[in-house]
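Counting from 1, the numbers follow the sequence of the chain as shown.
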Amino acid sequence: MDEDSQVNERTAIDLARYALACHASGKPLKRENLKTQVPSNVSTRNIRRLLDRASELLTQNFGLKMVPLPSHEKVLTAAPKAQPAPTKWVLQSTLPDASRQRLDLPQSDDNQAILGFAATVLSLVFVSNMSVSVDQLVLYVRKLGPPQCIAPADPSDASDAQLDSAAREAIAYLTRHGYLDKVKLGASAGDHGTSETQATQQPIDSGDHSDDGMVYTWGPKAKVEFQPLDMARFIAAATGQECTDDFLRTIGRAYG
């Protein structure tokens, strides 16, 4: 191996370590931060190749791979949209389900509560043709009761306004962490499962609850962490049903 190849291999190893550190902290690997991991004598034109090599090392040693984090939704369409060049990456397991479950690391009660809550909210969006109005999602979350670590509110002692505020705070939390995207539908928007739906990304303003025409859909992190089949299995387990072919077909119709 010549000197340049050795430098590239060491850089790929450093990138793999950096990706693991980002993964452990729950943060994506960002393109703008890569320069801190790449020596000055390594051409930036080799970044894609170095990332591919780092992903190979992660797969070989840890059963993980680097995948681009999708961009935020701007237009809801039935047809797949071309993604821009990736600027963020996260790690995704390459292990089969059984092996992945055996290797799951212990998590705090708060983290378990947040993940369970996020999965439940995403399942409700999933079976609603991947978009739910703001008012409807607030109602769902109020009925679910958000985890205390996200939005503390005692249902037995809170006012209606406090419960509404806690639900919106929990939804905003999921949006900030990439599980949900909040978009605004155009006047001619219809069922995005059968026709194109015009939507424009809107900033979240927790102090402004004028949500006419706003809907929630899956965010970038949800698209990476939850595959349709995984979500169907989660829904089956949560509702006490078997994940049969008939069940999958039913879920598929709701999913659109």
Side-chain angles (χ1 to χ4, degrees), residues 1-74 80-116 118-119 122 149 173-181 218-231 233-234:
M1 184 180 292
D2 59 31
E3 185 176 350
D4 286 345
S5 297
Q6 290 177 354
V7 171
N8 286 339
E9 184 69 8
R10 287 196 299 269
T11 302
I13 293 172
D14 288 342
L15 287 174
R17 289 172 174 163
Y18 180 60
L20 286 170
C22 292
H23 181 67
S25 64
K27 298 177 181 178
L29 187 157
K30 298 181 180 179
R31 177 178 285 277
E32 61 262 32
N33 295 336
L34 292 181
K35 60 183 179 182
T36 63
Q37 307 299 317
V38 177
S40 57
N41 61 333
V42 175
S43 172
T44 55
R45 289 177 294 182
N46 291 334
I47 288 292
R48 180 68 264 177
R49 186 161 54 85
L50 291 171
L51 288 173
D52 289 342
R53 176 56 182 158
S55 188
E56 289 178 7
L57 293 169
L58 289 166
T59 300
Q60 293 168 7
N61 294 283
F62 300 101
L64 297 167
K65 64 179 179 179
M66 294 174 62
V67 296
L69 193 64
S71 58
H72 286 278
E73 285 285 353
K74 293 183 178 180
K81 298 187 292 292
Q83 288 286 332
T87 59
K88 298 178 182 179
W89 294 263
V90 293
L91 297 187
Q92 191 176 70
S93 176
T94 62
L95 299 174
D97 288 346
S99 299
R100 190 163 66 236
Q101 289 169 2
R102 289 197 299 270
L103 293 173
D104 278 347
L105 298 176
Q107 298 189 52
S108 68
D109 290 343
D110 282 353
N111 281 343
Q112 289 182 349
I114 291 170
L115 287 175
L122 291 172
C149 56
Y173 176 93
L174 295 181
T175 304
R176 288 194 304 272
H177 286 78
Y179 288 108
L180 293 171
D181 262 346
W218 278 23
K221 193 171 184 178
K223 294 172 184 175
V224 170
E225 294 189 0
F226 297 92
Q227 301 301 313
L229 182 57
D230 294 332
M231 184 54 65
R233 289 170 176 166
F234 172 80

Please tabulate, one pair per line, all N/O donor-acceptor pairs under 3.5 Å involving side-chain atoms of residues 18-27, not counting sequence neighbours.
unit_1	atom_1	unit_2	atom_2	d
Ser25	OG	Ala21	O	3.3
Ser25	OG	Cys22	O	2.9

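Counting heavy atoms from C-beta outward, Leu51 and Leu34 have side chains that approach closer than 4.5 Å. Using a 4.5 Å heavy-atom cutoff, the side chains of Leu29 and Leu69 are not in contact. In this structure, Tyr179 and Leu115 have side chains that are in contact, with non-hydrogen atoms separated by less than 4.5 Å. At least one side-chain heavy atom of Arg49 sits under 4.5 Å from a side-chain heavy atom of Asn8.
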Original post:
Does the pair Trp89 and Arg31 meet the rule for a side chain to side chain contact (heavy atoms under 4.5 Å, CB included), with working shown?
Top reply: CA-CA 8 Å; Trp89 294 263; Arg31 177 178 285 277; 3.7 Å; yes

**OP:** Carefully, step by step, assess Leu57 and Glu9 under the rule side chain to side chain contact (heavy atoms under 4.5 Å, CB included).
**Re:** CA-CA 10 Å; Leu57 293 169; Glu9 184 69 8; 4.1 Å; yes

**OP:** Let me see the working for Phe226 and Trp218 under side chain to side chain contact (heavy atoms under 4.5 Å, CB included), right down to the final yes or no.
**Re:** CA-CA 10 Å; Phe226 297 92; Trp218 278 23; 3.8 Å; yes

Subject >> Test log, rule side chain to side chain contact (heavy atoms under 4.5 Å, CB included), inputs Leu91 and Phe62 >> reply: CA-CA 10 Å; Leu91 297 187; Phe62 300 101; over 6 Å; no

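Taking CE from Met231 and CD from Glu225, the interatomic distance works out to 10.0 Å, rounded to the nearest 0.5 Å. The NZ atom of Lys223 sits 11.5 Å away from atom CG of Leu122, with the distance rounded to the nearest 0.5 Å.
A salt bridge links Arg17 and Asp14; the closest N-O separation between the charged side-chain nitrogens and carboxylate oxygens is under 4.0 Å.
Considering all non-hydrogen atoms of both residues, Val90 and Pro28 come closest at CG1-CB, 3.9 Å. Taking each heavy atom of Pro70 and Pro220 in turn, the nearest pair found is O-CB, 3.0 Å. Between Ala12 and Ala54, the shortest heavy-atom contact is O-CB, 3.5 Å. Across all non-hydrogen atoms, the minimal contact from Lys221 to His177 is CD-O, 3.2 Å. Pairing each heavy atom of Leu58 with each of Ala16, the nearest pair is CD2-O, 3.8 Å.
Although no hydrogens or angles enter the test, the distance criterion places a donor-acceptor pair under 3.5 Å between the side chain of Thr59 and the main chain of Ser55.
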